[in-house]
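First the structure, in the form of structure tokens, and then the observations on it.
For this chain, numbers begin at 1 and follow the sequence in order.
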Amino acid sequence: MSLSLLPVDDRVSVSGQLDPSDMKEVAAAGFTAVVNNRPDGEAFFGQPKTADLKAAAEAAGLQFLDLPFSGPRATPDQVRALADLLARGDDRVVAFCKSGMRSALLWGAASLANGRSIEEVLQGARLAGQELSGVAELMTGLARAARG
């Protein structure tokens with residue numbers, strides 16, 4: 001696989017920006033869902049439009065979830081949406097943003113909302129090259145708000 005999909009656990013990987021042309025490769029790797037955490041227009045050039053990503057994902061047989069946010073400003077609703085997807089069971093998910101950091105943060109908050117410990121979340125993120133210890137409180141708060 002030429003894509004850089006970095007696992008944070010046995011079912012979820014994070015990535016930097018994906019392109020519509022990547023969706024067939026994502027599906028061929030056994031993933032069933034793609035989560036976009038990058039808002040349209042964040043980059044002046046080179047960033048595909050969400051509509052094109054969604055069309056390519058669905059054409060490849062993938063579920064597409066659009067949960068964009070800037071910086072660390074995920075919402076409890078976004079955390080809940082990802083937590084619900086992860087709680088369904090067998091979906092293998094790729095979440096992407098510019099670098100993978102926002103996607104790791106959202107996965108971390110959703111995982112906490114689903115009952116994982118902060119230690120498991122921090123370790124999973126580290127496996128993918130993402131250090132989330134500085135946003136542990138934020139993730140915990142988002143998880144609490146998503147459950148409430």
Side-chain angles (χ1 to χ4, degrees), residues 1-20 22-40 42-43 47-48 50-51 53-54 56-148:
M1 177 181 283
S2 62
L3 295 174
S4 180
L5 305 178
L6 305 169
V8 289
D9 67 21
D10 58 336
R11 292 180 32 228
V12 180
S13 291
V14 297
S15 175
Q17 180 68 59
L18 295 178
D19 290 311
D22 295 327
M23 297 304 166
K24 286 182 184 173
E25 194 173 349
V26 168
F31 291 93
T32 57
V34 174
V35 178
N36 174 31
N37 299 130
R38 195 166 187 206
D40 270 342
E42 188 174 66
Q47 179 185 357
T50 298
L53 290 160
K54 180 177 178 168
E58 290 175 349
L62 297 163
Q63 178 183 352
F64 187 87
L65 205 58
D66 189 32
L67 303 174
F69 61 99
S70 296
R73 293 181 288 281
T75 67
D77 287 341
Q78 290 171 318
V79 172
R80 190 175 311 107
L82 183 56
D84 289 349
L85 175 65
L86 298 178
R88 285 201 319 232
D90 294 335
D91 284 302
R92 289 197 59 226
V93 179
V94 173
F96 73 92
C97 57
K98 182 179 178 185
S99 68
M101 175 60 94
R102 277 176 281 189
S103 296
L105 182 149
L106 191 65
W107 163 82
S111 295
L112 290 169
N114 284 346
R116 282 205 174 166
S117 71
I118 190 67
E119 293 78 19
E120 288 176 289
V121 166
L122 295 176
Q123 180 58 31
R126 284 184 191 114
L127 291 173
Q130 303 292 346
E131 182 53 60
L132 296 180
S133 58
V135 291
E137 245 181 78
L138 172 68
M139 288 187 302
T140 302
L142 282 168
R144 245 187 260 116
R147 277 191 241 122

- Output for pair (Met101 CE, Leu132 CG), nearest 0.5 Å, gives 5.5 Å
- How long is the span from the OG1 atom in Thr75 to the CG atom in Leu142, to the nearest 0.5 Å? 8.0 Å
- Counting N and O atoms only, with roles assigned by atom type, does the side chain of Asp22 sit under 3.5 Å from a partner on the main chain of Asp19, one being a donor and the other an acceptor? yes
- Please answer whether the main-chain N or O of Arg38 pairs with a side-chain N or O of Arg102 as donor and acceptor at a distance below 3.5 Å. no
- Validation row: Glu120, Leu112 side chains within 4.5 angstrom (heavy atoms): no
- Pro7 to Ala128 - nearest heavy-atom pair and separation: O-CB, 3.7 Å
- Closest heavy-atom contact between Ala60 and Ala27? O-CB, 3.5 Å
- Message: Nearest 0.5 angstrom please: Leu122 CG to Glu131 CD, how far?
- Response: 6.5 Å
- Going by heavy atoms in the side chains, are Asp9 and Arg116 under 4.5 Å from each other? yes
- Any side-chain heavy-atom pair from Leu5 and Glu25 closer than 4.5 angstrom? no
- Message: Nearest 0.5 Å, please: how far is CG in Leu138 from CZ in Arg73?
- Response: 10.5 Å
- Task: Write down the atom of Ala83, the atom of Ala110, and the distance for their closest heavy-atom approach.
- Result: N-CB, 3.6 Å
- Task: Could you tell me which non-hydrogen atom of Ala81 sits nearest to which non-hydrogen atom of Leu67, and how far apart they are?
- Result: CB-CD2, 4.0 Å
- Contact summary for Ser4 and Ser15, nearest pair of heavy atoms: O-OG, 3.4 Å
Solution key, residues 86-97 side-chain donor-acceptor pairs under 3.5 Å, sequence neighbours excluded:
{"unit_1": "Arg88", "atom_1": "NE", "unit_2": "Asp91", "atom_2": "OD2", "d": "3.3"}
{"unit_1": "Arg88", "atom_1": "NH2", "unit_2": "Gln63", "atom_2": "OE1", "d": "2.7"}
{"unit_1": "Arg88", "atom_1": "NH2", "unit_2": "Asp91", "atom_2": "OD2", "d": "2.8"}
{"unit_1": "Asp91", "atom_1": "OD1", "unit_2": "Thr32", "atom_2": "OG1", "d": "2.9"}
{"unit_1": "Arg92", "atom_1": "NH1", "unit_2": "Ala29", "atom_2": "O", "d": "3.0"}

- On a heavy-atom basis, the closest approach of Asp40 and Pro48 is OD1-O, 3.9 Å
- Can you find a heavy atom in the side chain of Asn36 that is under 4.5 Å from one in the side chain of Leu65? no
- Would you say Lys54 and Asp66 make side-chain contact, with heavy atoms under 4.5 Å? no
- Item | Test item: Leu6 and Ser13 side chains (from C-beta on) under 4.5 Å apart, heavy atoms | no
- Message: As an exercise, state the distance from CG of Leu105 to CD of Gln78, rounded to the nearest 0.5 Å.
- Response: 10.5 Å
- Message: Return the CG to CG distance between Leu3 and Leu18, rounded to the nearest 0.5 Å.
- Response: 6.5 Å
- Given Leu53, which of Gln47, Gln17, Glu58 fulfils the side-chain contact (heavy atoms from CB on, under 4.5 Å) condition? Gln17
